[in-house]
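Okay, structure first, notes after.
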Amino acid sequence: MASDYKNNKFIILTIAILILFLGWEIIALLLQNPALPCPIPAIAAFFQVFPQGLWKHFLVSTYRVLTSLFLGLALAVPLGLYIGRNSKLDKWLSPQLYLIYPIPKIALLPVIFAIFKIGDLSKIILIVIIIFFQILITTRDAAKKIPANSILSVLSLGATPRDIYSHVIIPGCLPEIFTATRISLGTAISVLFFAESFATVEGLGYFIFETWSRVNYPEMFAGIIAISLQGFLLFLLVDLFQRLVCPWLYT
Amino acid sequence: MLSLNNVSLTYSNGNTAVQALAGVNLKIEKGKSYAVIGPSGCGKTSLIFLMAGLLMPTQGEVCLYEQQVVKPHRETALILQEYGLLPWKTVWENAALGLKLRKVPDQEIADILGRVFAELEITECIDRYPNQLSGGQKQRVALARALSLQPKILLMDEPLSALDALTRENLQEEILRLIKKHKITCVLVTHSIEEAVYLGQEIIILSARPGRINAIVANPAQGIEGYRHNMSFHEKCTEVRDLLEVHSQSGIRLQEQ
Ligand SMILES: Nc1ncnc2c1ncn2[C@@H]1O[C@H](COP(=O)(O)OP(=O)(O)O)[C@@H](O)[C@H]1O
Ligand SMILES: [Mg+2]
């Protein structure tokens, strides 16, 4: 039965990929615009351009995304768990979060670039600031929702507050933390694309804008495929990690 | 062994206060089994939490072996409403948690659990997660976790109320057998009159909120072979039902199972 299910998933994924390429082919044929090549020449161009130097931009961007994601999680998750389980602190902090959360923090880009200059650090800081609040709020709400019954049953076994965190609150919040990670991953890639569009000579954002300015559409599109592939692979990585860490969700 | 002396409990959240229990006096004697019954919302769960050391009374005191209970005691085990199993732990990990928190070595945990699992006939569920179990199996795992701690007192809050009739009777037998065999003092909250009469040597009847003890009914025939099918069982049920109805204030009806 389990293998049936796996086969099914495989078939569904194959169909999804076919539909994606078919849709792309049809739109490209209808539009007849050099900026949107058909899938086969585009992929051929990608395999040509990638070994010639696109891979370097791919690695630089991936490094920036992963570092930001890691920092964002490392800062926001413990704080979110703590605020979620501490109603007094939550009462104090939630109005502040409520005010800060809707600010489009990407507008801070010039300020951050002015302070931290134009290297990796400023890009990473910008992403961390943006995803920090997403992760913080999701984690806080997940921690608030932990059923009192779970906590009481473990307390009755003689657990210390620390045991409660490690056996109840952290595992109970993990599924939501993974959801926040996926959303933040998408955000991080988009923000980085924008942040790499100027004042740098590395990264997929730079590569795409630079080839665009030279009206080299095949190369530009190879860059677009690279950034899509990056998103897809990082998503897979998060999924894989979740399977390892949250096996109970896959039963 | 466990006594409640003039215990009252009031929950206060900000500016609202709910009195759950008022002036409860109770002596739980070693080796006996007690059933607590009363209308929904009358403070049964609160009473169990007080005995378990998860809550402190706002008045009076709860004492175990003459000492005030201020936190969960090593010799008490608690089974919560809805089992209280953790969805992210396997059956084995759930059952082992109490021993693990007490820093019992792994080998010893394996020995104890092996025995308890065999006794409760859940050995084949070891690697499953709670969402892969039936209600009856979940309840057995919760029992296994409690028994693994070799408690002197077992507190249970409506342990069987979510189960179908047949599974429930099955588990009632199981609980009866286990507390006899391990000589465990037992306090069981239920909203089923039959369950109270079947399992409680003494039946404690609470009033509507704030819960007070309206009556304690002695049930000396409890535990005899085939009690459920005995005339005296039905007579005792009628007696308890009458007492509940007499005392239930302003038409608050006992929740039917
Ligand atoms: N944490 C709490 N805060 C405020 N009121 C509560 C709390 N827990 C229970 N109560 C109230 O106390 C009363 C008794 O609750 P409980 O002991 O759960 O009753 P029972 O188990 O008999 O249904 C109920 O009216 C309930 O609404
Ligand atoms: Mg209750």
Side-chain angles (χ1 to χ4, degrees), chain A residues 1-2 5 77 81 84-92 94-95 138-139 142-181 239 241-251, chain B residues 13-14 45-46 48-55 69 71-91 93-104 125 127-133 138 141-142 145-149 151 153-159:
Chain A
M1 239 173 69
Y5 176 71
V77 167
L81 292 174
R85 297 309 309 174
N86 191 324
S87 51
K88 273 203 194 114
L89 188 64
D90 184 42
K91 247 191 212 140
W92 280 100
S94 63
T138 314
T139 310
K144 275 192 202 173
K145 275 195 326 222
I146 297 283
N149 239 16
S150 301
I151 294 170
L152 289 168
S153 79
V154 179
L155 274 179
S156 78
L157 299 171
T160 61
R162 226 183 107 170
D163 296 328
I164 294 296
Y165 268 97
S166 60
H167 291 285
V168 186
I169 295 171
I170 294 172
C173 291
L174 275 177
E176 268 100 338
I177 293 172
F178 273 103
T179 305
T181 305
D239 260 9
F241 206 58
Q242 184 171 12
R243 261 168 204 279
L244 278 177
V245 184
C246 307
W248 70 93
L249 295 176
Y250 302 89
T251 52
Chain B
N13 303 330
T45 298
S46 308
I48 283 280
F49 281 2
L50 286 167
M51 294 179 177
L54 288 172
L55 278 178
V69 174
K71 60 172 207 240
H73 194 277
R74 290 182 72 89
E75 296 193 351
T76 358
L78 171 68
I79 296 182
L80 287 165
Q81 230 164 333
E82 312 292 330
Y83 322 117
L85 300 178
L86 304 175
W88 42 88
K89 289 190 185 286
T90 62
V91 164
E93 292 165 342
N94 263 295
L97 187 55
L99 294 168
K100 224 177 141 177
L101 292 174
R102 292 184 184 178
K103 313 258 185 313
V104 175
C125 305
D127 293 321
R128 290 193 217 160
Y129 286 98
N131 68 356
Q132 298 169 300
L133 301 177
K138 282 184 200 164
V141 177
R145 178 164 77 187
L147 291 178
S148 72
L149 300 172
I153 305 180
L154 180 58
L155 306 170
M156 295 182 273
D157 189 6
E158 306 205 14

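We name chains A, B, ... by the order of the sequence lines, and we start the count at 1 in each one. Quick note: numbers below take in every heavy atom, side chains included, and nothing from hydrogens, waters or symmetry partners. Since the model is a prediction, treat every value here as computed from it, not as a measurement.
- Only the side chain of B:Leu86 comes within contact range of chain A, judged by heavy atoms closer than 4.5 Å.
- Interface with chain B: from residues 168-178 of chain A, residues A:Val168, A:Pro171, A:Gly172 qualify, criterion being any non-hydrogen pair under 4.5 Å.
- Note that the CG atom of A:Leu152 and the CD1 atom of B:Ile48 stand 13.0 Å from one another [nearest 0.5 Å].
- Between B:Leu101 and A:Val154, some side-chain heavy-atom pair lies under the 4.5 Å cut-off.
- Of residues 241-251 of chain A, those residues with a non-hydrogen atom less than 4.5 Å from any non-hydrogen atom of chain B are, in numerical order, A:Pro247, A:Trp248, A:Thr251.
- Looking at B:Lys89, only its side chain comes within 4.5 Å of chain A, counting heavy atoms on both sides.
- In this structure, B:Glu82 CD and A:Ser150 OG are separated by 10.5 Å, a value rounded to the nearest 0.5 Å.
- Within the 4.5 Å cutoff, the side chain of A:Ser153 has heavy atoms near those of the B:Arg145 side chain.
- Contacts between B:Arg128 and chain A at a heavy-atom distance below 4.5 Å are absent for every atom of the residue.
- Only the side chain of B:Phe49 comes within contact range of chain A, with at least one heavy atom under 4.5 Å from a heavy atom of that chain.
- Once rounded to the nearest 0.5 Å, the distance linking CZ of B:Arg102 with CG of A:Leu157 reads 7.5 Å.
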